[in-house]
Protein chains: 2
Amino acid sequence: MELYRERGFDRTTAAEIAARAGVNERTFFRHFPDKREVLFDGEAELRAALTRAVVDAPAGLEPFEVLLRAFRESARGLEASRPFAEPRWRVVAETPALRERELAKHAWLTEAVVDALRRRGVGAGVADLAARTGWAAYQHAVQVWIDDPAPGLDAHLVRAFDDLRALSSTGSSPADGS
Amino acid sequence: MELYRERGFDRTTAAEIAARAGVNERTFFRHFPDKREVLFDGEAELRAALTRAVVDAPAGLEPFEVLLRAFRESARGLEASRPFAEPRWRVVAETPALRERELAKHAWLTEAVVDALRRRGVGAGVADLAARTGWAAYQHAVQVWIDDPAPGLDAHLVRAFDDLRALSSTGSSPADGS
DNA sequence: TACTTAGTGCCAGTCACTGACACAACCGGG
DNA sequence: CCCGGTTGTGTCAGTGACTGGCACTAAGTA
């Protein structure tokens, strides 16, 4: 389905994608609600995995500890699939319409994290704040890792949460390696 | 232009909007790049105001202190315009396509905050992390304020940053009022 | 074998958006 | 006073993403 890489997303028609898949255009739209959705297929599994990781984390952990654990876990899968995922990132990054959809997916995943935290007994307000800011730190780590894969996503993730702690304590600013 | 409220966004055609504005459909698309953009018009000013607030903040402040100041300042305008903004929220909230666009605008605003922080001499990595997580806390506060306006957005904002601090220090969880 | 269900092709229609061309209003300087 | 350029607009024709409706086929089930 990576006609997108050849001609770019905008210059690829739904009819072309369907033809490449040996199928009718109408049939294509029966499998995917729209043209963009093709690139965001695994998100449901990711959501489930994230939810599970949060819910199944050991009791007694603070919300951010739970989130860091869950993100590190899901990051393993992301790191393993980087070779396949990388060309997809490129297409998404250069196409505004796809970036919008990606952000929507992230909001959807964040909601899942909120729900999962609440299932652990975390209050609604704290769950929302923790999920939003934790997700932001996660995305920061992913972005840094995309630009500089050498240290590994896991290391970037741990560092992001450390830096966030340092930022929050109104004492000293963390050292900046970038 | 609030035909959207009467018939909903999806059931309102660009031709209808243009007609209501006493103008041709083609002319409509010369003023707005697309149908959604109509509802996100002040964003450029908001971006400028946010950038200015961050850049002009007193020297010596920590990144989160700068952000909290800037957000509190921009929140004043938001609080004042709530009566006009509220119906708009409703339309956006119930229309997935508009929520996507809103998230894209937020990403755009976050980038502006990153740039503004960097202009203060904040390192690239810290600026990105602080802007993302700070923005997340801001959005959390706005959401809480939408659901419960009584305490004022400013109070919610201060509380969000306090709670974030409490969440980050791996000691105790903040009390949850929700 | 008869009945249902899922997956597909085909057709016609709506609607967001775009490029091209033409026309009118205004604005500068000659 | 007129003229060339800029700006804002209307009109038309076209592309392409989607949608509803109908018919057909293949597979599963009683």
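Side chains are part of it too, since the values below use all heavy atoms of this structure and drop only hydrogens, waters and symmetry mates. Residue numbers begin at 1 in each chain, while the letters A, B, ... track the order of the sequences.
With A:W145 as the aromatic partner, A:R82 meets the cation-pi criteria of under 6.0 angstrom to the ring centre and within 45 degrees of the ring axis.
Atom-to-atom, CZ of A:F9 to P of D:dG16 comes out at 13 Å; the value is rounded to the nearest Å. Spacing between atom CD1 of B:I17 and atom P of C:dC15 amounts to 12 Å, rounded to whole angstrom units. For the pair A:R11 CZ and C:dC17 P, the interatomic distance rounds to 18 Å; values are reported in whole Å. Taking atom CD of B:E37 as the reference point, atom C1' of C:dT18 lies 17 Å away to the nearest angstrom. C:dA16 atom P lies 8 Å from atom CD of B:E16, rounded to whole Å. To the nearest angstrom, P of D:dT15 lies 18 Å from CZ of B:F29. Residue B:D10 contributes atom CG, which lies 19 Å from atom P of D:dA17 at whole-angstrom precision.
With salt bridges taken as basic N to acidic carboxylate O contacts below 4.0 Å, one links B:R101 and B:D34. Here A:R20 pairs with A:E6 in a salt bridge; the nearest charged N to carboxylate O distance falls below 4.0 Å. Under a 4.0 Å N-O distance rule, the pair A:E37/A:K105 qualifies as a salt bridge. A salt bridge links B:E16 and B:R7; the closest N-O separation between the charged side-chain nitrogens and carboxylate oxygens is under 4.0 Å. The existence of a salt bridge linking A:R118 and A:D115 is excluded, since no basic side-chain nitrogen approaches an acidic carboxylate oxygen closer than 4.0 Å.
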Inset, instruction - Could you provide the dot-bracket string of DNA chain D, using ( ) for intrastrand pairs, [ ] for crossing pairs and | for bases paired to another strand, with Watson-Crick or G-U pairs below 3.5 Å? - result: ||..||||||||||||||||||||||||||
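In terms of the ring-ring contact (aromatic ring centres under 6.0 Å, His included) criterion, residue partners of B:Y138 (sequence neighbours excluded) are, by chain and number, B:F71, B:W135.
Note: B:F161 and B:F64 have perpendicular aromatic rings, judged against thresholds of 30 and 60 degrees for the angle between ring planes.
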Extract from the structure each pairing of a protein N or O with an N or O of nucleotides 7-9 of chain C at less than 3.5 Å, listing the distance.
{"unit_1": "C:dT8", "atom_1": "OP2", "unit_2": "A:H31", "atom_2": "NE2", "d": "2.7"}
{"unit_1": "C:dG9", "atom_1": "OP2", "unit_2": "A:N24", "atom_2": "N", "d": "2.8"}
{"unit_1": "C:dG9", "atom_1": "OP2", "unit_2": "A:T27", "atom_2": "OG1", "d": "2.5"}
{"unit_1": "C:dG9", "atom_1": "N7", "unit_2": "A:R30", "atom_2": "NH2", "d": "2.6"}
{"unit_1": "C:dG9", "atom_1": "O6", "unit_2": "A:R30", "atom_2": "NH1", "d": "3.4"}

